[in-house]
Amino acid sequence: MSNSQNFVVVAGAAGHLGSLIVLSLCERNVPVKALVRPGTATSRTKTLQDAGVTIAEVEMTDVQAMTEILKGASTVVSALQGLQDVILGVQGALLKAAVAAKVERFIPSDFSLDFTKTAQGSNRNLDLRREFHTKLDESGIKWTSILNGAFMELVTSGQIPLINDKWHRVMYFGSADQKLDVTTVPDVANYTAAVAADPNPTPKVLRIAGDSFNARDLAALITRMRGQNYSPMWMGSVGFLRMMISILKIFVGGVEDKIMPSWQGMQYLENMVSGKGKLSPLDNNRYPELVWTTVEQALEEAGAKKAK
């Protein structure tokens, strides 16, 4: 990539993942412009400002204004989150601005399981990202998607309800031997920063996993860590899970306007427990300086926070 372009732009920089990407770039001494919406509270950007980041308030649908801000950037990173209006609309405007500004590389807001291998219609949120990949290909820009499985914090916090402490069970659908890929948000941010700062060309898809486990692995780990016996508990087949998703979509709704209704979370789970979203091969070693957090380390940290 050209050395004449020497800063990275991060959209969605006021969010959790976006802000960590920005700070990781700062640790690499990479100049960063953080795109935020007009009126974003200064409390949400203070840490970035203290780190010397340039904060650029811009209406994210104003392609011309964003084009001016993006001129001279080597990479644009999108950490935007939302439904069709954001992933295709706002992120689409960001892509148009990146192309107009002659940015060399675009990193879309994917950060998920491997939806390049899952079936269309099996996950609404990931269908939007698949559709955006088509826009990326049509744009002619070089782009790299980073896929990291589930965020590990969703498991350790119980938001993905795999660990049942009341019953001392590890819940699973399908096979107890199916491996699930997880990565912490900070580890994803650090890898994304490494890709954004990479002076060399990067492939269209990079797959990473901080750790992988199946129900038996997780039960054995928690048993060892807590000194109490945990065992796997079968909750039903993958087909049963799919049936539950279909029923909940009817009764809960939210296909057009809810980012994470209960059935959407279950669609992510189905993509994982079916094995269809499994990450392979992994590209963890592309940047050997990075250190990866294991599930054991994350559970220890979550337990320490809970004990306070």
Side-chain angles (χ1 to χ4, degrees), residues 12 14-24 27 43-44 47 79 81 109-113 125 146-174 176-194 207-235 241 259-262 264-273 277-279 282 284 290-308:
H16 182 42
L17 176 59
S19 63
L20 290 179
I21 294 171
V22 171
L23 294 174
S24 186
E27 290 176 1
S43 59
R44 298 185 64 193
T47 301
Q81 292 297 320
S109 183
D110 290 344
F111 309 116
S112 187
L113 54 87
N125 285 2
I146 297 171
L147 303 176
N148 53 261
F151 288 117
M152 197 179 293
E153 292 86 348
L154 297 178
V155 175
T156 58
S157 68
Q159 289 177 264
I160 298 179
L162 300 182
I163 304 169
N164 188 305
D165 290 317
K166 183 178 180 180
W167 296 345
H168 290 184
R169 295 297 188 97
V170 170
M171 327 298 275
Y172 73 95
F173 288 90
D177 296 317
Q178 177 60 54
K179 294 275 189 179
L180 310 180
D181 302 313
V182 290
T183 314
T184 65
V185 177
D187 286 356
V188 173
N190 290 336
Y191 193 90
T192 303
R207 300 172 175 88
I208 57 173
D211 207 347
S212 299
F213 61 84
N214 60 33
R216 301 184 203 279
D217 298 332
L218 188 57
L221 173 62
I222 299 172
T223 296
R224 177 171 58 79
M225 292 179 66
R226 300 182 181 173
Q228 297 174 311
N229 186 55
Y230 280 68
S231 59
M233 181 175 179
W234 188 66
M235 300 300 292
L241 178 58
I259 295 178
M260 193 57 70
S262 55
Q264 175 63 79
M266 293 168 70
Q267 285 188 326
Y268 281 106
L269 183 61
E270 186 277 335
N271 286 171
M272 295 177 70
V273 299
K278 185 78 177 68
L279 298 167
L282 294 179
N284 288 37
L290 298 180
V291 178
W292 301 91
T293 306
T294 65
V295 170
E296 181 172 0
Q297 291 169 328
L299 284 169
E300 287 176 348
E301 182 178 339
K305 287 182 179 179
K306 188 176 180 180
K308 287 183 179 179

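Everything numeric in this text was worked out from a predicted model, so none of it was measured.
Between the side chain of Trp234 and the main chain of Tyr172, no donor-acceptor pair closer than 3.5 Å is present. With Gln264 contributing its side chain and Ile259 its backbone, the two residues share no donor-acceptor pair below 3.5 Å.
Thr223 pairs by the side chain to side chain contact (heavy atoms under 4.5 Å, CB included) definition with Asn229, Tyr230, not counting sequence neighbours.
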Should Val185 and His16 be marked as a side chain to side chain contact (heavy atoms under 4.5 Å, CB included) after you check the CA-CA gap, both sets of side-chain angles, and the distance that decides it? CA-CA 8 Å; Val185 177; His16 182 42; 3.7 Å; yes
Evaluate Val188 against Leu17 for side chain to side chain contact (heavy atoms under 4.5 Å, CB included), listing each step before the verdict. CA-CA 8 Å; Val188 173; Leu17 176 59; 4.2 Å; yes
Evaluate Ile163 against Ile222 for side chain to side chain contact (heavy atoms under 4.5 Å, CB included), listing each step before the verdict. CA-CA 9 Å; Ile163 304 169; Ile222 299 172; 3.5 Å; yes
Give the intermediate values and the outcome of side chain to side chain contact (heavy atoms under 4.5 Å, CB included) for residues Gln81 and Ser109. CA-CA 7 Å; Gln81 292 297 320; Ser109 183; 3.0 Å; yes
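When all heavy atoms are compared, the tightest approach of Gly15 to Arg44 is N-NH2, 4.0 Å. Minimum interatomic distance between Ala79 and Gly18 (heavy atoms only, all atoms of both residues): CB-CA, 3.7 Å. In terms of heavy atoms, Ala189 sits closest to Leu20 at CB-CB, 3.6 Å. Closest heavy-atom contact between Leu279 and Ala209: CD1-CB, 4.4 Å. For the residue pair Pro161 and Met171, the shortest heavy atom distance occurs at O-CG, 3.6 Å. Taking every heavy atom of both residues into account, Ala215 and Val170 meet most closely at O-CG1, 3.9 Å.
The line from CG of Leu154 to CG of Leu269 is 11.5 Å long, rounded to the nearest 0.5 Å. Within the model, atoms CG of Leu162 and CG of Leu180 stand 6.5 Å from one another, a figure rounded to the nearest 0.5 Å. Note: Thr156 OG1 to Leu299 CG = 6.0 Å, rounded to the nearest 0.5 Å. A distance of 6.5 Å separates CE of Met152 from OG1 of Thr294, quoted to the nearest 0.5 Å. Considering CZ of Arg207 and NZ of Lys278, their distance stands at 11.0 Å, rounded to 0.5 Å. The line from CE of Met260 to CD of Gln267 is 9.5 Å long, rounded to the nearest 0.5 Å.
For the salt bridge (Lys or Arg N to Asp or Glu O under 4.0 Å) condition, the pairs that include at least one residue of residues 216-225, sequence neighbours left out, are Asp177-Arg216, Lys179-Asp217, Arg224-Glu296. The salt bridge (Lys or Arg N to Asp or Glu O under 4.0 Å) pairs that include a residue from residues 147-163 number zero, where partners must be two or more places apart or lie in different chains.
Proximity of Tyr191 to Leu290: side-chain heavy atoms (C-beta onward) are separated by under 4.5 Å at one or more points. Considering only heavy atoms from C-beta on, Asp187 stays 4.5 Å or farther from Val291 through its side chain. Looking only at side-chain heavy atoms (C-beta outward), Pro232 and Arg169 stay at 4.5 Å or farther from each other. With contacts defined as side-chain heavy-atom distances shorter than 4.5 Å, the pair Phe111/Thr192 qualifies. Between Phe151 and Ile160, every side-chain heavy-atom pair lies at or beyond the 4.5 Å cut-off. The shortest distance between side-chain heavy atoms of Ile146 and Ile208 falls below 4.5 Å. Side-chain contact between Asp165 and Arg226: present, with at least one pair of heavy atoms (C-beta onward) separated by less than 4.5 Å. Here the side chains of Gln178 and Phe213 are not in contact, with every heavy-atom distance at 4.5 Å or above.
With no hydrogens or angles considered, a side-chain donor-acceptor pair links Ser24 and Asn190 at under 3.5 Å.
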